[in-house]
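For reference, the structure discussed in these notes is given below.
This structure is a prediction, so every number in the text was calculated from the model and none was measured.
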Amino acid sequence: MSTLHIVSCLPSAGTTLDALRRACSTTDGVLLSGDGIYLGLQSPTLPALHALRHDVEARGLLAQWPADIPLVDHTGYVDLCIRFAKSLNWS
């Protein structure tokens, strides 16, 4: 069963990224939101990785945002929640 991992917590010394890598399967997805968007700057290799555009912009990170991590709006957030069978919040 595929899971959307919604990460809104600050990445702490790489432990969040390591825990995500262990928890995610190849059919899962990851959505970075809130302070979790800082994880996107660590060049993570995670399945179906996306970030909320509003949160990236709010933190002034749009200019340095990695091009390979798609940004979604709130409609995209809902679409991701529908695409995956369940969701898990990391906060």
Side-chain angles (χ1 to χ4, degrees):
M1 184 179 307
S2 62
T3 301
L4 176 63
H5 298 266
I6 303 168
V7 181
S8 60
C9 59
L10 277 170
S12 55
T15 57
T16 303
L17 182 55
D18 291 340
L20 267 171
R21 285 184 177 136
R22 286 191 305 272
C24 286
S25 75
T26 56
T27 60
D28 288 350
V30 177
L31 175 65
L32 305 177
S33 67
D35 287 335
I37 58 104
Y38 290 108
L39 189 66
L41 301 177
Q42 296 180 8
S43 302
T45 51
L46 296 165
L49 181 59
H50 295 81
L52 276 177
R53 174 179 289 279
H54 176 78
D55 291 335
V56 172
E57 290 173 345
R59 286 158 180 79
L61 299 174
L62 194 56
Q64 64 195 57
W65 192 252
D68 59 337
I69 302 175
L71 298 173
V72 297
D73 58 12
H74 290 285
T75 302
Y77 186 151
V78 172
D79 291 341
L80 286 170
C81 289
I82 292 169
R83 186 169 115 194
F84 292 92
K86 61 182 181 172
S87 62
L88 178 65
N89 289 310
W90 296 62
S91 54

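Each of V30, L4, L31 was evaluated against H50; a single residue qualifies, L31, per the side-chain contact (heavy atoms from CB on, under 4.5 Å) test.
The two residues D55 and G34 come nearest to each other via the heavy atoms OD2-N, 2.7 Å. Contact record, R83 with A48: NH2-CB, 3.6 Å, taken as the closest heavy-atom pair. When every heavy atom of G40 is checked against every heavy atom of W65, the shortest pair comes out as CA-CH2, 3.7 Å.
In this structure, the separation between OG on S8 and CG on L32 is 10.0 Å, given to the nearest 0.5 Å. Taking OG from S33 and CG from L39, the interatomic distance works out to 11.0 Å, rounded to the nearest 0.5 Å. Interatomic distance, L20 CG to T15 OG1, rounded to the nearest 0.5 Å: 10.0 Å.
Scored by the side-chain contact (heavy atoms from CB on, under 4.5 Å) test, T26 finds no partners at all (sequence neighbours excluded). Legend: residues meeting side chain to side chain donor-acceptor pair (under 3.5 Å) with T27, ordered by chain and number and at least two apart, are S25.
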Give every donor-acceptor pair under 3.5 Å between a side-chain atom in residues 84-91 and any protein atom, sequence neighbours left out.
| unit_1 | atom_1 | unit_2 | atom_2 | d |
| --- | --- | --- | --- | --- |
| W90 | NE1 | H5 | ND1 | 3.1 |

Could you pull out all donor-acceptor pairs under 3.5 Å where a side-chain atom in residues 66-74 meets a protein atom, sequence neighbours excluded?
| unit_1 | atom_1 | unit_2 | atom_2 | d |
| --- | --- | --- | --- | --- |
| D73 | OD1 | T75 | N | 3.1 |
| D73 | OD1 | G76 | N | 2.8 |

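The list of salt bridge (charged side-chain N to carboxylate O under 4.0 Å, His left out) pairs with a residue in residues 34-54, not counting sequence neighbours, reads D35-R59, R53-E57.
I82 belongs to a hydrophobic cluster with V78, counting contacts under 4.5 Å between side-chain heavy atoms of Ile, Leu, Val, Met, Phe, Trp and Tyr, direct or through other members.
One hydrophobic cluster holds both V7 and L41 under the rule that ILVMFWY side chains link at heavy-atom gaps under 4.5 Å. Put simply, L10 and V56 are part of the same group of oily side chains (I, L, V, M, F, W, Y) that touch within less than 4.5 Å, one to the next.
Within the 4.5 Å cutoff, the side chain of L46 has heavy atoms near those of the L17 side chain.
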